[in-house]
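Notes for the one structure printed next.
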Amino acid sequence: MSVHIGATEGQIAETILLPGDPLRAKYIAETFLEGAEVYNNVRGMLGYTGTYKGKRVSVQGTGMGIPSMSIYVHELISQYGVKNLIRVGTCGAYKNDVKVRDLILAQAASTDSAVNRHRFGGNIDFAPVANFKLLKNAYDVAVSRNMPVHVGNVFTSDTFYNDRGAELVPLLASYGVLAVEMETAALYSLAAKFNVNALAVMTVSDHLITGEETSSEERQLTFNQMIEVALEAALQE
Ligand SMILES: O=P(O)(O)O[C@H]1O[C@H](CO)[C@@H](O)[C@H]1O
Ligand SMILES: O=c1cc[nH]c(=O)[nH]1
């Protein structure tokens with residue numbers, strides 16, 4: 001057991017999907033995995049292990065934001081030997097050609113978080129990037145299934161409700177940032193620290209320019225394309 005995960009050694013697979021929402025973890029386990037068994041319920045942050053097309057895969061809720069996600073990712077890698085981590089989350093679109101329900105593969109992640117300034121000191125801006133093989137696998141899967149997919153930079157924000165959104169959205173969009181979410185920059189940084197593989201696959205749940213949005217029920221249940229892409233990309237790892 002680690003501090004925040006109640007699994008014993010060997011209960012967690014080397015490949016893991018990471019939704020922010022623990023109920024999305026439950027949905028993924030029950031819908032996509034065979035023989036899924038729960039290994040964690042500490043703080044209600046559900047974690048399951050089962051198989052997908054014969055490959056052992058786990059799925060672990062991480063909570064919202066960098067501090068929560070970082071605790072789970074740190075413990076999964078350092079205490080349970082996890083090697084391939086794929087975030088499956090929601091994000092808000094920053095650009096007009098990105099539509100609600102489209103898929104985003106985060107090639108890199110900009111951030112307003114200070115975690116890497118704490119880590120590296122004030123003079124270095126570390127560039128958190130996806131694992132290329134996972135990214136390529138995911139892109140190939142999405143294209144081969146005619147899914148609407150975008151690859152590029154995302155913005156990992158420490159705030160969901162941002163007082164400066166009206167100026168930040170057009171500024172970051174003008175630099176090609178596709179969407180905002182709250183975990184990927186730290187996931188990629190931790191993967192680099194521990195020399196493991198990470199990717200974030202996200203569904204656009206709402207649009208910061210048009211105001212269009214999906215319901216929380218839809219966010220929890222119906223983003224199956226993102227899960228398919230993540231699982232198929234992991235199969236080819
Ligand atoms: O859907 P998840 O994975 O939680 O991701 C997004 O949704 C949450 C905000 O509603 C943040 O965690 C953000 O990154
Ligand atoms: O972090 C997030 C996730 C979805 N939509 C947003 O606007 N922000």
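Read the numbers this way: they start at 1 and go in the same order the structure lists the ligands and their atoms. Heavy-atom basis, side chains included; hydrogens, waters and symmetry copies ignored.
Contact analysis leaves M202 out of contact with ligand 1, as no non-hydrogen atom separation drops below 4.0 angstrom.
With distances taken over non-hydrogen atoms, the option nearest atom 13 (C) of ligand 1 out of M69, E183, M64 is E183.
Scanning the protein for heavy atoms near atom 4 (O) of ligand 1, the closest one is G20 CA, 3.5 Å. Looking only at protein heavy atoms, the nearest one to atom 7 (O) of ligand 2 is D206 OD2, 3.2 Å. Remark: minimum distance from atom 7 (O) of ligand 1 to any protein heavy atom is reached at T90 OG1, 3.2 Å. Closest to atom 3 (O) of ligand 1 among all protein heavy atoms lies R87 NH1, 2.7 Å. Ranking protein heavy atoms by distance to atom 8 (N) of ligand 2, first place goes to F160 CE1, 3.5 Å.
Proximity of Q225 to P148: side-chain heavy atoms (C-beta onward) are separated by under 4.5 Å at one or more points.
Between Y72 and H4, the ring planes lie perpendicular to each other; the angle is over 60°, past the 30° to 60° tilted range.
When all heavy atoms are compared, the tightest approach of V154 to V177 is C-CG1, 3.8 Å. The two atoms that bring L190 and I77 nearest to each other are O-CD1, 4.4 Å, heavy atoms only. When all heavy atoms of A108 and N153 are compared, the closest pair comes out as O-OD1, 3.3 Å.
A donor-acceptor contact under 3.5 angstrom links the side chains of T156 and E181, judged on distance only. S2 and E75 form a side-chain donor-acceptor contact under 3.5 Å, judged by distance and modelled atom types alone.
Remark: ligand 2 atoms within the under-4.0 Å shell around heavy atoms of C91 are 3 (C), 4 (C), 5 (N). Here is the list of ligand 2 atoms found below 4.0 Å of a heavy atom in M182: 1 (O). For ligand 2, the atoms sitting less than 4.0 Å from at least one non-hydrogen atom of T90 are 3 (C), numbered in the order shown with element in parentheses. The distance from ligand 2 to the heavy atoms of L208 drops below 4.0 Å at these ligand atoms: 7 (O).
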